Amino acid sequence: METISRRENETRKRNVLVVDDEMINRMILGHILKDEYEISYASDGKQALEMVEKNYDSLSIILLDLMMPVMDGFELLGILHQDKRCKHIPVIVLTSEKNAEIRSLQLGAVDFIPKPYDMPEVIRARVKRSIKLAEENTLLNAVKNDSLTGLYNKEFFFQYVMDHDKFHPTLQTDVLVLNINRFHIVNELYGHKTGDDLLKSIAGSIRLFLKHNVGLACRCYSDTFYFYIAHQENYQQLFLDFISEVDKRSGLPGISLRIGIYENCDKQLSVDQRIDRAARACNTCRKTYTSSYALYDKELSEKELFGERLIRETNRALREKQFQVHYQPKYNIEGDKPVMTSAEALIRWIHPELGRINPGVFIPLFEENGLIQKLDNYVWNEAARQIAEWKNELGINLPVSVNVSRIDTFNPKLEEEFLEIIQKNGLSPNELMLEITESAYSKNSSGLIEVIDKLRSDGFIIEMDDFGSGYSSLNMLSSMPIDILKLDMGFIRKICDSDKNKRMVEIILEIARYLSVPVVAEGVETEEQYQILKAMGCNVIQGYYFAKPMPPEELKQKLIAEKAQ
Ligand code: C2E
Ligand code: CA
Ligand code: CA
């Protein structure tokens with residue numbers, strides 16, 4: 001279709017209007033052009049204007065004499081110049097007077113044909129060139145602008161940004177990305193026409209801004225606009241002015257915009273990369289309900305990028321076994337000599353390029369996007385396999401506790417998964433202990449109690465992890481189904497600082513004893529901490545004082561050595 005219409009376009013005869021009061025002149029021009037063009041004639045400006053009004057969309061060019069009765073060429077030129085519908089029709093002025101040229105140019109004429117018409121080739125060439133230029137220009141305008149808002153489209157915006165940089169290489173510039181919050185709701189609530197009007201109001205406000213500032217803007221797609229503007233000092237004021245302008249123009253209540261700003265952009269970056277930075281800033285405003293703007297923050301953004309990279313690479317890392325489970329021994333300190341009675345499984349990511357990444361970095365990310373379930377399941381399986389291996393190879397029973405994320409507790413198949421894991425590895429449930437963080441208890445208490453009750457009735461041992469780190473209250477202990485309490489590291493760190501802190505731990509230990517719940521103190525690093533806890537009757541200790549988390553081979557050696565003692 002396209003090729004046919006293009007071909008038609010190329011072969012069809014263009015329409016030329018010759019306007020001259022002298023018949024002989026009309027005849028000469030007609031004779032010169034008749035083979036290539038469809039020609040119509042007018043003998044004065046008024047008659048020409050009537051013909052233009054009827055045929056403005058099919059006329060390709062007007063050849064216009066200046067000196068005519070009724071309405072002269074200048075007057076007609078002036079009228080056509082003002083008429084938007086005729087913008088695409090080039091006018092060539094027919095004149096014998098050199099000094100009429102400047103005035104004609106100011107009125108929009110594109111070229112001249114000198115009288116008398118004694119050079120037909122030159123006339124044909126000028127007409128042809130003027131038509132070609134005008135058509136190219138029209139085509140360009142059609143694709144350059146977004147038809148709804150009249151702003152540039154994305155492709156031209158990118159091109160113009162590069163041109164802009166060329167012309168103003170040292171100008172400090174800012175990149176902005178503007179978006180409408182919940183634009184689909186505007187469309188759904190008020191209809192698409194209103195949605196379109198809102199987009200036009202924003203475009204109008206942008207144009208107004210650009211009238212007073214150096215720069216350019218485009219509508220990239222849907223409700224997303226880009227700006228490339230000279231650096232602004234006061235975005236707070238500018239933002240308020242812009243929002244009120246949009247409110248005024250759109251007349252819609254409660255429209256909220258979000259704007260991301262990448263200030264003083266690095267021109268070494270590609271336009272795409274610069275836009276991306278502004279878009280990232282824009283995304284940080286996504287959760288607000290009112291209009292807001294945010295500046296691009298390099299550090300924050302790099303952190304985010306790093307996080308995204310980790311998420312992207314997780315599946316491959318699982319396949320390639322980049323995740324390793326390390327084990328940190330827990331020692332029972334009730335007797336004369338500390339005895340290793342269990343261990344905690346802690347995940348490590350040994351990344352081929354980034355080296356070792358600690359769980360504190362990736363666990364929170366994985367909790368946000370659900371990857372945690374996959375990873376935890378991997379750790380549980382691995383730990384169970386390890387317990388079985390030590391049992392079979394060394395004849396040593398070392399129960400291992402695994403971490404169960406808050407997200408896992410929403411999994412309806414959680415119980416099933418744990419039962420399957422222990423069955424597969426020939427373990428009894430009390431060999432795989434489950435650490436559930438305290439914050440999970442406070443956030444999903446009724447659902448969680450139900451899950452835990454089931455797991456406990458199957459024989460699993462439940463440890464409440466990080467006790468005291470959140471908003472837990474001591475009376476929660478009596479109502480929660482738990483088997484072991486893990487005191488948060490924060491308490492241990494402060495235990496030597498003051499009597500008050502020490503007393504706090506003492507009270508928790510007393511209550512736990514009263515409830516017959518053994519207590520594990522985590523993060524014990526010094527002899528002093530150890531002695532205090534032992535004196536207070538703490539049951540189990542986990543911490544660097546005894547051992548750091550270690551790979552399974554190392555723990556195996558430790559187990560063998562301790563067994564020999
Ligand atoms: P957590 O469950 O409270 O684990 C204890 C953390 O304290 C571990 O950090 C451990 O290496 C560290 N630690 C142990 N003793 C000491 C000590 O004496 N001093 C100090 N400063 N730190 C000590 P890690 O391995 O970096 O793990 C951090 C957190 O990541 C864990 O806290 C846990 O919440 C989470 N995590 C680790 N592995 C897993 C996993 O497989 N699944 C889930 N869902 N979370 C995990
Ligand atoms: Ca833990
Ligand atoms: Ca903990």
Side-chain angles (χ1 to χ4, degrees), residues 310 313-333 337-363 366 372 374-405 417-418 420-435 461 463 465 484 486 489 520-525 530 540-565:
L310 294 186
E313 296 181 1
T314 303
N315 281 325
R316 197 179 83 199
L318 276 167
R319 272 198 314 277
E320 294 178 359
K321 300 218 179 304
Q322 290 172 17
F323 287 104
Q324 289 180 8
V325 182
H326 284 205
Y327 298 87
Q328 185 177 31
K330 297 182 195 177
Y331 285 82
N332 187 302
I333 56 164
K337 216 173 67 160
V339 186
M340 194 201 300
T341 45
S342 64
E344 176 176 5
L346 293 159
I347 187 87
R348 267 93 188 91
W349 185 343
I350 315 296
H351 193 283
E353 283 154 31
L354 303 167
R356 192 171 116 170
I357 312 169
N358 278 335
V361 176
F362 57 85
I363 296 282
F366 290 4
I372 190 71
K374 207 168 181 177
L375 188 78
D376 276 348
N377 195 281
Y378 171 80
V379 176
W380 304 337
N381 270 290
E382 188 51 32
R385 195 196 54 72
Q386 192 62 70
I387 301 168
E389 188 184 299
W390 286 326
K391 202 151 75 167
N392 300 335
E393 272 188 21
L394 311 174
I396 294 176
N397 279 353
L398 188 76
V400 169
S401 61
V402 292
N403 288 287
V404 179
S405 153
E417 282 179 21
F418 277 127
E420 195 190 309
I421 289 170
I422 57 158
Q423 270 155 20
K424 201 165 69 186
N425 291 283
L427 303 178
S428 57
N430 62 6
E431 288 174 280
L432 191 68
M433 305 190 289
L434 313 179
E435 295 193 9
I461 291 173
E463 303 187 35
D465 202 357
I484 296 172
K486 284 191 87 172
M489 247 181 261
V520 179
E522 245 189 317
V524 177
E525 294 183 355
Y530 161 62
V540 177
I541 277 183
Q542 178 184 350
Y544 296 173
Y545 176 66
F546 283 124
K548 288 192 170 181
M550 58 188 85
E553 313 80 58
E554 214 173 294
L555 186 62
K556 182 177 166 184
Q557 296 312 318
K558 210 173 173 57
L559 282 169
I560 295 169
E562 292 195 10
K563 193 183 173 191
Q565 279 177 11

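As the structure is a computational prediction, the values presented were derived from the model and not from experiment.
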Task: Gap separating the CZ atom of F418 from the CD atom of Q423, nearest 0.5 angstrom - done: 13.5 Å

TODO: Return the orientation label for the W349 and F366 ring planes: parallel under 30°, perpendicular over 60°, tilted otherwise.
DONE: tilted

- [ ] Of all the heavy-atom pairs spanning I357 and F362, show the shortest one and how long it is.
- [x] O-CE2, 3.3 Å

Task: Shortest non-hydrogen contact between M489 and G523, atoms and distance - done: CG-CA, 3.3 Å

TODO: Would you give the length of the straight line joining atom NE2 of H326 to atom CZ of R348, rounded to the nearest 0.5 angstrom?
DONE: 6.5 Å

TODO: Check the pair V540 / I484 against side chain to side chain contact (heavy atoms under 4.5 Å, CB included), numbers first and verdict last.
DONE: CA-CA 10 Å; V540 177; I484 296 172; over 6 Å; no

Task: Atom pair CD/CD of E313 and Q322 - distance to nearest 0.5 Å - done: 7.5 Å

Open item on the list: Would you say E389 and N425 are linked by a side-chain donor-acceptor pair, where the criterion is simply a distance under 3.5 Å?
Closed with: no

TODO: Considering non-hydrogen atoms only, spot the tightest contact between I387 and L398 and give its length.
DONE: CG2-O, 3.8 Å

Task: Min side-chain heavy-atom separation P552-W390 under 4.5 Å - done: yes

Task: Atom of N315, atom of K374 and distance for their closest heavy-atom approach - done: OD1-NZ, 2.8 Å

Open item on the list: For K424, I'd like to know if atom NZ has over 12 heavy atoms of other residues, nucleotides or ligands within 6.0 Å.
Closed with: yes

Open item on the list: Is there a side chain to side chain contact (heavy atoms under 4.5 Å, CB included) between I422 and E431? Walk through the geometry before answering.
Closed with: CA-CA 9 Å; I422 57 158; E431 288 174 280; over 6 Å; no

TODO: Find out whether N403 and I363 are in side-chain contact, i.e. whether some heavy atom of one side chain is under 4.5 Å from a heavy atom of the other.
DONE: no

Open item on the list: Would you say that L434 contacts V402 through its side chain, given a criterion of any heavy-atom pair below 4.5 Å between the two side chains?
Closed with: yes

Open item on the list: Any non-hydrogen side-chain atom of Q328 less than 4.5 Å from a side-chain atom of Y544?
Closed with: yes

Open item on the list: Check this for me: does any side-chain nitrogen of one of R385 and E382 sit under 4.0 Å from a carboxylate oxygen of the other?
Closed with: yes

Task: Beyond-backbone contact of M550 with Q557, side-chain heavy atoms, under 4.5 angstrom - done: no

- [ ] Would you indicate whether the side-chain heavy atoms of Q542 and K486 approach each other to under 4.5 Å?
- [x] yes

Task: L559 side, atom CG; N397 side, atom CG - distance, nearest 0.5 Å - done: 11.0 Å

- [ ] Quick one: pull up CE in M433 and CD in E344 and give me the separation to the nearest 0.5 Å.
- [x] 9.0 Å

TODO: In sequence, state the C-alpha distance, the side-chain angles, and the governing distance for L375 and L318, and then conclude on side chain to side chain contact (heavy atoms under 4.5 Å, CB included).
DONE: CA-CA 8 Å; L375 188 78; L318 276 167; 4.2 Å; yes

Open item on the list: Looking only at the side chains, is there a donor atom on one of K330 and S401 sitting less than 3.5 Å from an acceptor on the other?
Closed with: yes

Task: Any pair counted as ring pair (Phe, Tyr, Trp, His ring centres under 6.0 Å), so long as it reaches residues 545-565, sequence neighbours left out - done: Y331-F546, Y530-Y545, Y530-F546

Task: Rounded distance [0.5 Å steps], CG in N332 versus NZ in K337 - done: 12.5 Å

Task: Side-chain heavy atoms of K563 within contact of I396, under 4.5 Å - done: yes

TODO: State, with a plain yes or no, whether a side-chain heavy atom of L555 is found less than 4.5 Å away from one of P329.
DONE: yes

TODO: Could you pull out the closest heavy-atom pair between N430 and P399, with the gap in Å?
DONE: O-CB, 4.1 Å

Open item on the list: Can you give me the closest heavy-atom contact between Y327 and A343, atom names plus distance?
Closed with: CB-CB, 4.3 Å

